[in-house]
Amino acid sequence: MTVRTRFAPSPTGFLHIGGARTALFSWAFAKKHAGQFILRIEDTDVARSTPEAVQAILDGMHWLGLDYDEGPFYQMQRMDRYKQVIQTMLDAGSAYYCYSSKEELDALREQQMANKQKPRYDGKWRPEAGKVLPDVPQDIQPAIRFKNPQAGVVVWDDLVKGRIEIANAELDDLIIARADGTPTYNFCVVVDDSDMGITQVIRGDDHVNNTPRQINMLMALAAIDANIKVPQYAHLSMILGSDGQKLSKRHGAVSVMQYDDDGYLPEAVLNYLARLGWSHGDDEIFSMQQFAEWFDLDHITPSAAQFNTEKLNWINAHYIKQADNAYLVADITKRLAKLNIAVSDQPNLSSVIDLYKERINTLNELAANIAYFYQKPVIDEVASEKHLTADIKPVIASLVESLQSIDWQAELIHQAINDVVTQYQLKFPKVAMPLRVMLTGIAQSPSIDQVMALLGKDEVLARIKSAMN
RNA sequence: GUCCCCAUCGUCUAGAGGCCUAGGACACCUCCCUUUCACGGAGGCGACCCGGGUUCGAAUCCCGGUGGGGACGCCA
C-alpha cells in the first residue's frame, strides 16, 4: 500500500514553528516511503478562517520548500460529500439529531464543572431501545451527533507514543454537524482521511484525545462502507518556547516567515526543526534529501522539546558559510535596501560578503555588519575615545602620506601600516584599531588591510580625513 | 475535577538489560591560532526526577509517588 500522509492546518493564522515541524515530518515520512504528501486546508470554522491565513500557510510551506503532491484541498469545497456521509450515518442509526440548545448545553457544562465532573453531553436526545425521547421543540434547529459506543475501549498503537487505550465511557456523543448544517472538525477529518486514502496521520499531540472519537466514527463508517479503513496514527509532542512555556500568539509563537525576516535560511530552520524531537545517532547537520532518506517514526522523542535560538543560530551560521555567493548577494542586497542602503558596484558585494560570511549567525547580521561599506559609518563613541587618541593622530597622518602613493592592494596596505608601526616603534594593533574605528565606526572588523583594500583608496582617505577632524 | 501523555547535562538528544567510568551537539569556561572581534582547532564543566520491585546485572522492564504537559467546544 502506498504511503499517503497529509498536513491539515486550519487557516486561522500563520504557519508557526510547531505546524512547520508537523508538516516537515509528514512530508519526510511520505518521501521516505516514496509515497504522497497531501495538503488539506481545514476551513470549516467559517468565522475564524480567512483567505489571508490560507495564503500565509501556503507562503510558509513554499519558503520551507515543503512541496505537496496533492492539494491544497479545501474542506468547505467538500460539503456535499460530508452531507452525504452524514445522511448515511443518520440512516444507519449511528448519528442522531440533538435539539439541546447552546444555552442548555452551557448550563449543563457549568453544573458538571461545579460538581468536579468531566463535562460531557448528557445524552438527552440519544435514541435508545425502549427510550422515549422528549418532544421536538419547534423553534430549535438541531445539531447532529455521533452515537458513540458506550462500552468497551478504543485502542491504537500510536507510532510515536506506543499503545494508547481510552475507555468509551470517557467519551460522549460529539456533534458532527452544527445547527446550520456545516460539519465539524472531527467528522470532516475522518471522512477526508478516509477518502484521501491517508495511511499515516502524523499530527500534533493535542489530537490524542480526538483519536478515539475518530476511530469510533471510522469504525461506524466501515460498518456501512467496507472501503473505509482506519489509518495509523503518530502523535508528535509539542514544541515549547525557549522559556519552557507553551508557545502561543501572546507568547513566542511566530510565523515561519518571521525567520525569513530575521535572517534565517530555510535550510537552517528545516535542519533545526528536524533535530527537534527526532534524531539519527549523532548527526546534527544534514540536507533535506538526507533527512528524507533517514527519517523514521521510531526515533521520534515522545516528550516535548524546548526551542533553542542559540542552536538555530549555530546551524544558520553553518548554512550561511556554505551558501552560494550569488544567492547571498541577491539576498543581502534586499536586506540592505530595507535599511535604506543602496549597494553600489564599488566595493564588490560578493567580495565584501566573503570577508564576513564566516563571522555571523544571520543574514540580518551580515547586512548590518557590512553596511559601512556602502554608507558613512557612525563612529562609536566608546571605541573612538579608547582608540582615537591624540597621540596616534601624527602616526595616522604619516600613514596617510604613504598610503597615497601605493598600489591599492591588501598586502601593500599591510606593508605600509607595518612601516609606520616600525617607524614609531609601536605594536600593530595600536595603529590598526584607530583605523578600524575611523573606517568602520567600531572596534571589530576583519583584518584591517582587507577592509581597506575593499573600501577603496579614495574612500579610505576620505574617512580618515573626516575622522581626524 | 476527570481522562490521556511525558520525564537522561542549562537546552536538543544518543541509549531497545551487560558495549555506560552514560556518548554527541548548542550554550558556557580555558588554552591555541591571531591585527581587534569572530571563524577554526584542542581541552573542560555538566544529566539518568524520587522510592520500591524484577534480575547475577536496570538509564533501559514493572509498580507507586512527584513534577510537567495536553484534552474535556455547535474551535481546529
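Only this structure's heavy atoms are used, side chains among them; waters, hydrogens and symmetry mates stay out. In what follows, chains carry the letters A, B, and so on, assigned in the order in which the sequence lines appear, proteins first and then strands, with residues in each chain numbered from 1.
In this structure A:Ser242 satisfies the side chain to side chain donor-acceptor pair (under 3.5 Å) test with no other residue, sequence neighbours excluded.
A salt bridge between A:Lys102 and A:Asp106 is absent, with no side-chain N of the basic residue lying under 4.0 Å from a carboxylate O of the acidic one.
A side-chain hydrogen bond (donor to acceptor under 3.5 Å, both in side chains) check over residues 425-436 of chain A, counting only residues at least two apart or in different chains, returns the pairs A:Arg436-A:Ser445.
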List, with names and distances, any nitrogen or oxygen atoms from the protein found under 3.5 Å away from nitrogen or oxygen atoms belonging to nucleotides 12-15 of chain B.
| residue | atom | partner | partner atom | Å |
| --- | --- | --- | --- | --- |
| B:rC12 | OP1 | A:Gln306 | N | 2.9 |
| B:rC12 | O2' | A:Arg275 | O | 2.9 |
| B:rU13 | OP1 | A:Gly277 | N | 2.5 |
| B:rU13 | O3' | A:Ser279 | OG | 3.3 |
| B:rA14 | OP1 | A:Ser279 | OG | 2.8 |

Short heteroatom pairs, N/O only, protein and nucleotides 42-45 of chain B, under 3.5 Å:
none

Tabulated below should be each protein N or O lying under 3.5 Å from an N or O of nucleotides 32-36 of chain B; please produce it.
| residue | atom | partner | partner atom | Å |
| --- | --- | --- | --- | --- |
| B:rU35 | O2 | A:Arg436 | NH2 | 2.7 |
| B:rU35 | O4 | A:His414 | ND1 | 2.9 |
| B:rU35 | O4 | A:Asp449 | OD1 | 3.3 |
| B:rU35 | O4 | A:Asp449 | OD2 | 2.1 |
| B:rU36 | O2 | A:Arg436 | NE | 3.4 |
| B:rU36 | O2 | A:Ala443 | O | 3.0 |
| B:rU36 | O2 | A:Ser445 | N | 3.1 |
| B:rU36 | N3 | A:Arg436 | NE | 3.3 |
| B:rU36 | N3 | A:Arg436 | NH2 | 3.0 |
| B:rU36 | N3 | A:Ser445 | O | 2.3 |
| B:rU36 | O4 | A:Arg436 | NH2 | 3.2 |
| B:rU36 | O4 | A:Ser445 | O | 2.8 |
| B:rU36 | O4 | A:Ser447 | N | 3.4 |

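With hydrogens and angles ignored, a donor-acceptor pair under 3.5 angstrom links the side chain of A:Asn210 to the base of B:rA76.
No more than 12 heavy-atom neighbours from other residues, nucleotides or ligands sit within 6.0 angstrom of CD on A:Glu110.
Comparing the C1' positions of B:rU54 and B:rC63 gives a spacing of 11 Å, expressed to the nearest Å. Nucleotides B:rA27 and B:rU66, compared at atom P, are 39 Å apart to the nearest Å. Taking the C1' atoms as reference points, B:rC50 lies 40 Å from B:rC31, given to the whole Å. Nucleotides B:rU34 and B:rC12 are separated by 38 Å at their P atoms, to the nearest Å.
Residue A:Met238 is in sugar-phosphate contact alone, with no base atom involved, counting any heavy-atom pair closer than 4.0 Å across all strands shown.
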TODO: Going 5' to 3' through nucleotides 61-68 of chain B, assign each nucleotide B (protein heavy atom under 4.0 Å from a base atom), S (under 4.0 Å only from sugar-phosphate atoms) or - (no protein heavy atom that close).
DONE: --------

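Between the side chains of A:Asn148 and A:Asp172, no donor N or O sits under 3.5 Å from an acceptor N or O. No side-chain donor-acceptor contact under 3.5 Å links A:Arg203 and A:Thr5.
Across B:rA25, B:rC6, B:rC74, the shortest atom-to-atom separation from the side chain of A:Arg145 is found for B:rC74.
Under the Watson-Crick and G-U wobble criteria, each requiring two contacts below 3.5 Å, nucleotide B:rC3 is paired to B:rG70.
For A:Arg40 and A:Phe7, the positive end is not near the middle of the six-membered ring at less than 6.0 Å and at most 45° from its axis.
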